[in-house]
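What follows is a single structure, and I will ask about it in a moment.
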Amino acid sequence: MKFNTALLHDGVDKREKYGSTLTPIYQTSAFFQESAEDLEGIFAGKNPGYCYTRVQNPTIAVFENRINKLEGGIGSVATASGMAAIFNALTNILMSGDEIVSSASLYGGTIDLFRDLENFGIKTRYVQNNNKKEIEDAINERTKLIYAETIGNPCLDVTDIDSLAAIAHSHGLPLFIDNTIATPYLVRVLDHGADIVINSTSKYINGSSNAIGGVLTDGGKFKWTAEKYPMLKDYIKFGPFAYIARLRAGLQRNAGACMAPQTAYLNQIGLETMGLRMERQCANAAALAKHIHDKYPSVIVNFPGLESSKWHDTAKKILNGGYGAIVTLRVGSKEKAYKLLNLLELAYRLSNVGDTKTLVIHPASTISLHSTDKQKEAAGVFDDLIRISVGIEDVEDLIADFDRAFVKLSEDS
Ligand SMILES: *Cc1c(COP(=O)(O)O)cnc(C)c1O
């Protein structure tokens, strides 16, 4: 099955009781069982079935299964948000005293979370993405995992997943990748050696910005040991399933950040068109980036699809079918950036990416507000920078919107 066919058919439950073509929303908190013994069996994990939606729910289970097929994993767990997916992914194995080695080019919310984790004794050492020496120098006996985003948001650097996985594995460490901005349409990171992949479903998977959610998928190839990961000691007996089994039986139900059944339903609708949307959005982004790059030489256009991008070669190697749908522009000053944002008529000014509609924002004053100047610079956030999440509009209209805004901007200054 090829990609778009698989999005529609792979992992779908075609035995739905009444023949519903989408798994219905099981909008219930708890599930009745015929006998006390049945309920005991479900709680003990001996019988299939459902007891309580925080633990599992049929709508969520089908969504997880579809994502798992898409990513090529051994198990997926859906969460209340992308941030919850990251939090659960990390704290499933990390203890006080442990360390993360992470690319410094991260989503602002993730940097904030890593700071929160310091209060629990978990330290993050930031390194320049793809810099083998810096990464290896940062690794020590306390390091428990390597972390990066495939396409850094909003830096738009592209991680050489194969090389990073090789570094991680040579030190006996798993590689965790946030693939939200690239999506499985552009790359299945587990195939490139990543061990755990995280997606915020709020973005391209849902596609229409109608529900916050997240999901993580385990590739099942990492050899977990109780010595290095004492949190997994009771689960090592499950072999490759140790990580996902602990998450499912432990933190996922105990931290309580489960996905809502309605969100799982909306995400399944979104998932079916993700390939088509990404194809269109990547093409639109490439056209808009090239247009602005060619027409406005004073603007610094950052897009991995442009040959001028430092990450173009890595992007060509890692991504297929496009270069993502985020473009950033440096326009010379914060004042100009604000003016440009306010002059755009089609693009929505809001804090989100991955919508069908084009979205724009000034990251320095919003999503990266709590980052230090050093963190901002490492994450590719500058005062004169705007981020564009390119939608599925007709690209002529988008180009016209930006042209109109740039003309007004130059008239005003
Ligand atoms: C949005 C985003 C997140 C957080 O996801 P939420 O669903 O908003 O919690 C994490 N990583 C990246 C790269 C994102 O863009």
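All ligand and atom numbering here is 1-based and tracks the order in the structure.
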Distance-only N or O hit between ligand 1 and Ser200, under 3.5 Å: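 N/O-N/O distance under 3.5 Å: yes.
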With sequence neighbours excluded, residues passing side chain to side chain donor-acceptor pair (under 3.5 Å) with Arg142: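 If we apply the side chain to side chain donor-acceptor pair (under 3.5 Å) test to Arg142, skipping adjacent residues, the hits are Glu99.
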Of the backbone atoms (N, CA, C, O) and the side-chain heavy atoms from C-beta on, which set of Thr201 has a member under 4.0 Å from an atom of ligand 1: side chain, backbone, both, or neither?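 None of Thr201 does.
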Cation-pi check, Lys228 to Phe222: give yes when NZ or CZ is under 6.0 Å from the six-membered ring centre and within 45° of the ring axis, no otherwise. no
With a cut-off of 4.0 Å, which atoms of ligand 1 are near a heavy atom of Gly213?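 Answer, ordered by atom number: 7 (O).
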What about Ser202: any of its N or O atoms under 3.5 Å from an N or O on ligand 1?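 Yes.
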Would you say the ring centroid of Tyr147 lies under 6.0 angstrom from that of Phe114? yes
What atoms of ligand 1 come closer than 4.0 angstrom to any heavy atom of Ser81? 7 (O), 9 (O)
Is a donor from one side chain sitting under 3.5 angstrom from an acceptor on the other, for Asn199 and Glu71?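 Asn199 vs Glu71: donor-acceptor pair found between side chains.
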In this structure, atom 6 (P) of ligand 1 is nearest to the protein heavy atom Gly82 N, 3.3 Å
Taking only heavy atoms of Asn153, which atoms of ligand 1 are found under 4.0 Å from at least one of them? 15 (O)
Less than 4.5 Å apart, side chain to side chain, heavy atoms only: is that true for Gln268 and Thr59? yes
Under a 4.0 Å N-O cut-off, is there an ion pair linking Lys336 with Asp384?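 Result for this pair is no, no salt bridge flagged.
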Please report whether ligand 1 has a polar contact with Lys203, defined as an N or O pair separated by less than 3.5 Å (distance criterion only).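 Between Lys203 and ligand 1, an N or O pair is found under 3.5 Å apart.
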Look at atom 11 (N) of ligand 1 and find which of Asn206, Asp178, Thr180, Ile86 reaches it with the closest heavy atom.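 Among Asn206, Asp178, Thr180, Ile86, the closest heavy atom to atom 11 (N) of ligand 1 comes from Asp178.
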Using a distance-only test with no angle check, is there a side-chain donor-acceptor pair under 3.5 angstrom linking Asn267 and Arg66?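 Looking only at side-chain atoms, Arg66 and Asn267 do not form any donor-acceptor pair under 3.5 Å.
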Among non-hydrogen protein atoms, atom 3 (C) of ligand 1 lies closest to Tyr107 CE2, 3.4 Å
Using a 3.5 Å cut-off on N or O atoms only, is Met83 in polar contact with ligand 1?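 Yes, Met83 has an N/O under 3.5 Å of an N/O on ligand 1.
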Under 3.5 Å: donor-acceptor pair, side chain of Arg246, backbone of Met231: yes
Return a yes/no value for Ile212: is any of its N or O atoms, backbone included, closer than 3.5 angstrom to an N or O of ligand 1? no
